[in-house]
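Notes to accompany the following structure.
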Amino acid sequence: MLKLGVNIDHVATLREARYRGRQFGEPDVVEAAKICEAAGAHGITAHLREDRRHIQDKDVYGLRKVVKTRLNLEMANVPEIVNIVLDVKPEIVCIVPEKRQEVTTEGGLDVAVNVRSITETRKRLNDDGIQVSLFIDPLLEQVDASARVGAQFVELHTGAFSESFGKLPEQEIEIEKLITAAKAANSSGLKVNAGHGLNYQNLKLLYKVPYLVELNIGHSIISRSVFVGIGQAVKEMLDLMKDYRC
Ligand code: PXP
């Protein structure tokens with residue numbers, strides 16, 4: 001069964017829009033995580049960015065206390081954040097690239113040119129019992145490098161696929177890249193997650209990609225929850241995900 005990790009960063013985005021720098025404020029990220037889990041989410045994902053634009057340190061510690069399914073922390077491979085993550089002890093970490101000016105994580109991690117530093121971090125995390133996923137563009141050289149690093153998972157960046165949705169031939173090209181990368185990852189012993197820009201409309205097309213274990217979805221679920229509530233938004237996504245056959 002395809003699993004859903006709900007990325008709750010944008011619950012914090014909404015709070016920070018009004019309460020930046022304060023120790024209180026709504027909506028409550030921890031409460032959101034509880035509702036997502038009660039609605040059937042298989043995991044909760046959050047990204048503690050270096051610039052703290054949405055999720056704050058107190059949020060990751062608060063999430064650690066309540067999340068019963070699986071906490072996935074997205075993080076840049078920088079000492080400050082690695083140390084916090086080692087202290088929080090999520091079940092899994094997804095290492096992502098981070099640029100200050102970007103609106104969201106725009107490209108995948110360049111594992112191929114950073115094999116040594118990513119391997120070191122991967123070992124520190126694994127030694128603490130934390131699984132490691134690498135957020136990569138669907139490129140064979142990045143899949144290859146991820147296997148060399150010894151990661152347990154790759155998360156294939158579906159941003160280009162989402163942008164191409166409804167445009168031919170681009171959408172077919174992007175799907176093919178994801179299929180090729182997923183097959184290569186599977187043959188290298190890597191488990192395959194995917195995420196970024198996935199929504200209630202483009203999801204079904206992604207089902208052409210084999211070996212998917214989990215999708216991490218944030219913005220579209222939080223947007224839908226403005227109208228129907230976060231529990232219902234999660235349930236609707238899970239309902240669509242039932243049709244996936246790997
Ligand atoms: N996966 C990763 C690694 C991400 O960085 C993000 C965005 O924070 C997501 C998934 C979720 O993307 P979206 O909010 O577009 O669903």
Side-chain angles (χ1 to χ4, degrees), residues 2-14 16 29 32-33 36 41-56 59-60 63 70-78 81 85 90 92-111 118 131-138 142 146 151-165 174 178 181-182 185 190-203 205-206 209 212-226 230 233-234 236-238 240-241:
L2 184 57
K3 293 183 182 161
L4 172 64
V6 180
N7 180 316
I8 56 170
D9 292 349
H10 296 308
V11 176
T13 302
L14 187 54
E16 296 299 302
V29 169
C36 290
H42 304 94
I44 300 296
T45 299
H47 184 175
L48 182 67
R49 292 186 75 105
E50 284 181 271
D51 63 11
R52 309 297 201 274
R53 67 174 67 163
H54 37 52
I55 294 289
Q56 306 296 311
D59 294 325
V60 291
L63 287 169
R70 189 232 54 210
L71 180 61
N72 171 25
L73 292 184
E74 296 172 358
M75 57 154 226
N77 186 20
V78 294
I81 304 291
V85 166
I92 181 165
V93 152
C94 182
I95 304 180
V96 301
E98 223 175 87
K99 297 190 208 105
R100 295 256 162 171
Q101 303 310 325
E102 67 192 356
V103 174
T104 178
T105 316
E106 279 160 10
L109 192 65
D110 196 345
V111 185
I118 297 172
Q131 291 198 296
V132 174
S133 176
L134 305 177
F135 189 46
I136 57 167
D137 289 324
Q142 298 300 341
S146 302
Q152 286 72 55
F153 286 83
V154 284
E155 179 169 329
L156 299 178
H157 196 314
T158 50
F161 157 77
S162 309
E163 289 291 327
S164 73
F165 182 65
E174 293 306 329
L178 290 164
L190 289 158
K191 292 186 214 114
V192 187
N193 294 338
H196 210 282
L198 299 176
N199 60 34
Y200 300 87
Q201 289 74 43
N202 63 25
L203 199 65
L205 189 59
L206 187 76
V209 180
L212 294 176
V213 174
E214 180 164 307
L215 304 179
N216 282 302
I217 308 182
H219 191 270
S220 60
I221 291 178
I222 305 306
S223 301
R224 176 99 184 116
S225 72
V226 171
I230 196 164
V234 168
E236 288 176 14
M237 193 59 85
L238 285 168
L240 289 175
M241 288 170 61

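Note that the coordinates shown come from a computational prediction; the quantities given were computed from them, not determined experimentally. What's counted below: heavy atoms across the whole structure, side chains too, no hydrogens, waters or symmetry copies. Note that ligands are numbered from 1 as they come in the structure, with each ligand's atoms numbered from 1 the same way.
Residue Glu16 places its CD atom among more than 12 non-hydrogen atoms of other residues, nucleotides or ligands, all under 6.0 Å distant.
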Evaluate His47 against His54 for side chain to side chain contact (heavy atoms under 4.5 Å, CB included), listing each step before the verdict. CA-CA 8 Å; His47 184 175; His54 37 52; 4.2 Å; yes

Take Leu203 and Met241 through the test side chain to side chain contact (heavy atoms under 4.5 Å, CB included) and record every step on the way to the result. CA-CA 8 Å; Leu203 199 65; Met241 288 170 61; 3.7 Å; yes

Going through the checks in order, is the side chain to side chain contact (heavy atoms under 4.5 Å, CB included) test met by Thr13 and Arg53? CA-CA 7 Å; Thr13 302; Arg53 67 174 67 163; over 6 Å; no

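In this view, Ser225 and Ile222, Ile230, Ala233 satisfy the side-chain contact (heavy atoms from CB on, under 4.5 Å) rule, not counting sequence neighbours. For Ser223, the side-chain contact (heavy atoms from CB on, under 4.5 Å) partners at least two apart in sequence or on another chain are His219.
Taking every heavy atom of Asn216 and a limit of under 4.0 angstrom, the matching atoms of ligand 1 come to 10 (C), 11 (C). Taking every heavy atom of Asp9 and a limit of under 4.0 angstrom, the matching atoms of ligand 1 come to 8 (O). Those atoms of ligand 1 that come under 4.0 Å of a heavy atom in Ile217, given as number and element, are 16 (O). Close approach of ligand 1 to Val96 is summarised as follows: ligand atoms under 4.0 Å from at least one heavy atom of the residue are 3 (C).
Gly218 N, 2.8 Å is the protein heavy atom nearest to atom 16 (O) of ligand 1. In this structure, the protein non-hydrogen atom closest to atom 7 (C) of ligand 1 is His196 CD2, 3.8 Å.
Under a 4.0 Å heavy-atom criterion, Gly197 is in contact with ligand 1.
By heavy-atom distance, the residue among Glu155, His10, His219, Glu74 lying nearest atom 13 (P) of ligand 1 is His219.
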